[in-house]
Amino acid sequence: MNPQASALNEVLEAQNPAVYSLLSKRGKAIFFPKKGLVMQGKDASGKRINASIGMATEDDGSPLRLAAIESLVNMPPEKVFPYAPSYGLLPLRQKWQSIIRSKNPSLGDTELTMPVVTNALTHGLSMAGYMFLDEGDTVILPDYYWGNYNLVFKNAYLADFDTYPMYKEGGFNLEGLKEKLMAPGTKKVVLLNFPNNPTGYTPTDAEMKGIRDVILEAAEAGKNIAVLIDDAYFGLVFEEGVATESIFASLADLHQNVLAVKVDGATKEDYVWGFRVGFITFSWKGMTAEAGQTLVDKVAGAVRGNISNDSILSQNLLLTAYDNPGYADDKKGKYALMKSRYDLVKKTIASHPEYSEYFDAIPYNSGYFMCVELKKGNAEDVRQKLLADYDTGIIALGSLIRVAYSSLPAAYIEELFNNIYSACKDLD
Ligand SMILES: Cc1ncc(COP(=O)(O)O)c(C=O)c1O
C-alpha cells in the first residue's frame with residue numbers, strides 16, 4: 001500500500017471505522033499523489049522558466065492554440081484550452097456546493113465535502129463503484145433501474161444486484177428496501193435514483209421520510225451503509241406532495257454508519273448532455289472536514305487515474321452561465337415547458353379510458369420519462385410494430401414501454417399514445 005493511501009486510511013479509520021469499512025480494496029489503495037507530476041507542476045507555476053507541464057504555450061505564455069478552434073469559443077484561452085485540476089475547477093466546485101445547499105435547504109449547514117468533478121454522472125457512478133464495490137459485493141436497488149448500471153457496476157466492478165419491487169400498492173416499496181437492508185451481512189450498498197429512470201417516479205414527502213427511517217433503523221441495527229444517490233433528474237418534480245429535495249438531504253446527517261454519496265451534475269439539470277460535467281459529494285453524521293477530505297482525495301485520485309481530469313471548457317461554460325443574470329428565469333422557462341408536456345401526458349392518459357384494455361401507466365410524477373405496462377404481449381413486439389407501421393420510436397423494457405415525453409413536442413403526445421394503443425390492437 002502506498003504510504004499516501006495509508007495516511008488517508010488512518011485518518012478515516014480513526015474517525016469513522018464504519019465508513020472506512022465500506023471502502024473497496026481499490027478505494028483503500030487509492031490516493032491523490034501529493035508528490036507526483038501534478039504537484040511538481042503546481043510548485044513550478046509562476047516561475048519565470050517553467051518546463052514542468054505537459055501542455056504547450058505560445059511565446060507570451062498563453063496556451064498554444066489553433067485559430068480554427070479559438071474562433072469558435074467566446075471565452076479567454078485560459079478558460080478553454082488548458083487542463084483542469086483532477087478535482088475540478090475550485091470555483092465551480094464551490095458554486096455547485098452552494099447550489100446543492102440552496103436546492104436542499106434542509107441540509108442547513110451540515111458538513112459536506114467539496115464536490116469533486118466527474119465526467120458527468122455515469123463517470124461519477126463509476127467512481128462510486130471504484131471506491132465502494134469489490135467483486136461479489138451486492139448493490140441493493142429497485143427492479144426498475146437505468147440499464148447502464150449493469151455496465152457501470154456489474155461489468156466494471158463485478159458487483160451483483162439484489163433488486164426489490166419498486167412499487168407496493170401504488171407507492172414506493174419501503175418494505176422491499178427494508179427487507180434487503182436487514183438481510184444478513186454488515187456492508188450494504190444501496191442505490192437510489194429519484195426521479196427514477198425509467199419510471200419517472202419520485203417518492204412523496206412521507207415516503208422519503210420512510211426511506212430515511214428504514215435506513216436509520218438498519219444503521220442502528222449495526223449495518224454499515226453506503227447510499228449511492230443518483231440525482232441525474234433532480235429538480236424536475238411536477239406534482240404537489242412529491243419530495244423536491246434530494247434524499248441526500250435526509251441522509252447526510254443521519255447516522256455515523258451511513259455514508260451518503262451524492263452523484264449529480266449539469267447533464268439533465270442544465271440541459272447540457274454532451275458537456276460531461278458531474279459531481280460526487282460525500283457526507284455522514286459527524287463528518288469532520290479532515291475525514292471528508294480523505295474521500296475527496298481518494299476520489300480525485302481515482303479520477304486522475306481514470307480520465308485525468310474533466311473538460312475545462314465545459315466547466316467554464318457552466319461556471320459562467322451560473323453567474324448569468326438570465327440563468328434562473330431561463331431555467332424556469334424550460335421547467336415550465338417540461339411540465340406542460342408532463343401535464344399533457346397525464347391529461348391524454350386520463351381522457352382515453354380505452355387504453356386500459358392494453359396498458360396502464362405505472363406511477364410517475366417527475367423527471368423525463370413515464371412508463372406504461374402492457375397487459376398482454378411484450379413491449380418489444382409493440383416497439384417493432386410502432387417502428388414498422390407508425391413511424392414511432394419508444395423504448396421497450398420487458399412488459400414496459402418507456403416514453404421520453406421530455407423530447408416530445410405537445411403536438412405529438414396524444415398521437416404517440418394513440419399509436420401505442422393501435423399497435424397493441426394490431427398485435428392482439
Ligand atoms: C438515472 C441516470 N443516471 C445517470 C445518467 C447518466 O448521466 P450522464 O449523461 O451525466 O452521464 C442517466 C442518463 O441517462 C440516467 O438516466
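Read the numbers this way: they start at 1 and go in the same order the structure lists the ligands and their atoms.
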Checklist entry - Can you tell me how far the CD1 atom of Ile312 sits from the CG atom of Leu89, to the nearest 0.5 Å? => result 5.0 Å
Checklist entry - Which value, rounded to the nearest 0.5 Å, describes the distance between Lys180 atom NZ and Lys188 atom NZ? => result 9.0 Å
Atom pairs and distances, ligand 1 N/O vs protein N/O under 3.5 Å:
residue: ligand 1; atom: 3 (N); partner: Asp230; partner atom: OD1; Å: 3.3
residue: ligand 1; atom: 3 (N); partner: Asp230; partner atom: OD2; Å: 2.6
residue: ligand 1; atom: 9 (O); partner: Arg276; partner atom: NH1; Å: 2.8
residue: ligand 1; atom: 10 (O); partner: Leu121; partner atom: N; Å: 2.9
residue: ligand 1; atom: 10 (O); partner: Thr267; partner atom: OG1; Å: 2.5
residue: ligand 1; atom: 11 (O); partner: Leu121; partner atom: N; Å: 3.3
residue: ligand 1; atom: 11 (O); partner: Thr122; partner atom: N; Å: 2.8
residue: ligand 1; atom: 11 (O); partner: Thr122; partner atom: OG1; Å: 2.5
residue: ligand 1; atom: 11 (O); partner: Arg276; partner atom: NH2; Å: 2.8
residue: ligand 1; atom: 14 (O); partner: Tyr233; partner atom: OH; Å: 3.4
residue: ligand 1; atom: 14 (O); partner: Lys268; partner atom: NZ; Å: 2.9
residue: ligand 1; atom: 16 (O); partner: Asn197; partner atom: ND2; Å: 2.7
residue: ligand 1; atom: 16 (O); partner: Tyr233; partner atom: OH; Å: 2.6

Item to check | Distance (rounded to the nearest 0.5 Å) between Thr163 OG1 and Tyr149 OH | outcome: 13.5 Å
Next on the checklist: Could you measure the distance from the CG atom of Leu216 to the CG atom of Leu254? Nearest 0.5 Å is fine.
Outcome noted: 4.5 Å
Next on the checklist: Rounded to the nearest 0.5 Å, what separates atom CD in Glu414 from atom CG in Asn419?
Outcome noted: 10.5 Å
Item to check | Phe234 six-ring face occupied by Lys262 cation (under 6.0 Å, within 45°) | outcome: yes
